[in-house]
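Hydrogens, waters and symmetry mates play no part in the numbers below; they use all other heavy atoms, side chains included.
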Amino acid sequence: MPRKGLTMEEIINAATSLVEEKGYDNFSLRELASRLDVKPASLYNHTSNVAQITNAVGHFALDTLCVELKKSQKGANGKEKLLNVANAYRKYALNNRELYKVIVNMPSYNDDSLLKEGRSILKELYLTLDEYNLTHEEKIHFARAYRSAMHGFVSLEMNGYFQNEPNTDESYSFMIVALINSLLKEN
């Protein structure tokens with residue numbers, strides 16, 4: 001019988017906290033059950049399976065990233081908007097390392113709604129790219145390169161690379177500005 005008063009929201013909040021505290025790779029149902037003061041098997045009275053909890057944490061991570069990306073775009077256009085998005089992405093990843101790992105691992109969750117939500121974040125990027133004279137295919141290529149550059153840099157930085165001068169903020173800006181400048185075509 002479900003613990004009286006235990007809600008799915010409490011389960012997701014506790015799971016999210018555990019991922020943030022213990023790490024994405026160290027999350028366990030046993031610890032989640034302990035945190036919620038229930039037996040591990042009792043969690044199945046509240047959720048259909050472990051994937052439902054993992055996917056809900058993924059939705060939370062995407063939602064929080066999306067909020068930061070949208071805030072970064074307010075009042076900006078073109079180059080400034082793309083630079084702001086890149087900076088907000090990096091800041092989110094560095095400040096929410098374990099939730100960022102959840103986002104990066106989303107394709108392995110086999111949850112179409114999660115992947116759809118992840119793709120919806122890209123809509124804003126594509127709208128920004130409308131300001132440039134790009135074909136649909138070129139927009140896709142740029143978006144892939146842009147996301148790969150941001151993720152690659154952040155992943156290396158999070159793993160302890162870039163310890164020498166110059167400053168990593170300067171290197172990141174240099175990379176992003178170079179990518180954005182590649183959009184300026186000669187007519």
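With sequence neighbours left out, Lys22 forms a salt bridge (charged side-chain N to carboxylate O under 4.0 Å, His left out) with Glu31. A search for side chain to side chain donor-acceptor pair (under 3.5 Å) contacts involving Glu68 returns Lys71, not counting sequence neighbours. Legend: residues meeting ring-ring contact (aromatic ring centres under 6.0 Å, His included) with His151, ordered by chain and number and at least two apart, are Tyr100. Looking at residues two or more places apart in sequence or on another chain, you find no salt bridge (charged side-chain N to carboxylate O under 4.0 Å, His left out) involving Lys116. Remark: Lys101 engages Glu98 in a salt bridge (charged side-chain N to carboxylate O under 4.0 Å, His left out) (not counting sequence neighbours). In this structure, the side chain to side chain contact (heavy atoms under 4.5 Å, CB included) partners of Asn167, at least two apart in sequence or on a different chain, are Asp169, Glu170. Lys139 pairs by the salt bridge (charged side-chain N to carboxylate O under 4.0 Å, His left out) definition with Asp130, not counting sequence neighbours. By the side chain to side chain donor-acceptor pair (under 3.5 Å) test, Glu20 pairs with no residue at all, sequence neighbours left out. Taking Asn55 as the reference, Asp111 meet the side chain to side chain donor-acceptor pair (under 3.5 Å) condition, with sequence neighbours excluded. Residues that satisfy the side chain to side chain donor-acceptor pair (under 3.5 Å) test with Ser28, not counting sequence neighbours, are absent from this structure. In this structure Tyr161 satisfies the side chain to side chain contact (heavy atoms under 4.5 Å, CB included) test together with Leu156, Asn159, sequence neighbours excluded.
Proximity of a side-chain donor or acceptor of Tyr92 to a complementary backbone N or O of Leu99 within less than 3.5 Å is not detected. For the pair Thr64 (side chain) and Ala61 (backbone), a donor-acceptor distance under 3.5 Å is present. Side-chain atoms of Ser148 never come within 3.5 Å of backbone atoms of Ala145 as a donor-acceptor pair (strictly under, hydrogens ignored).
Each ring-ring contact (aromatic ring centres under 6.0 Å, His included) pair with one or both residues in residues 61-84, not counting sequence neighbours, would appear here, but there are none.
Here the closest heavy-atom approach between residue Leu82 and residue Ile176 is recorded as O-CG2, 4.5 Å.
In the hydrophobic clustering of ILVMFWY residues, with side-chain heavy atoms under 4.5 Å counting as a link, Met8 and Val38 come out together.
Remark: the Lys74 side chain and the Asn84 side chain contain no N/O donor-acceptor pair separated by less than 3.5 Å.
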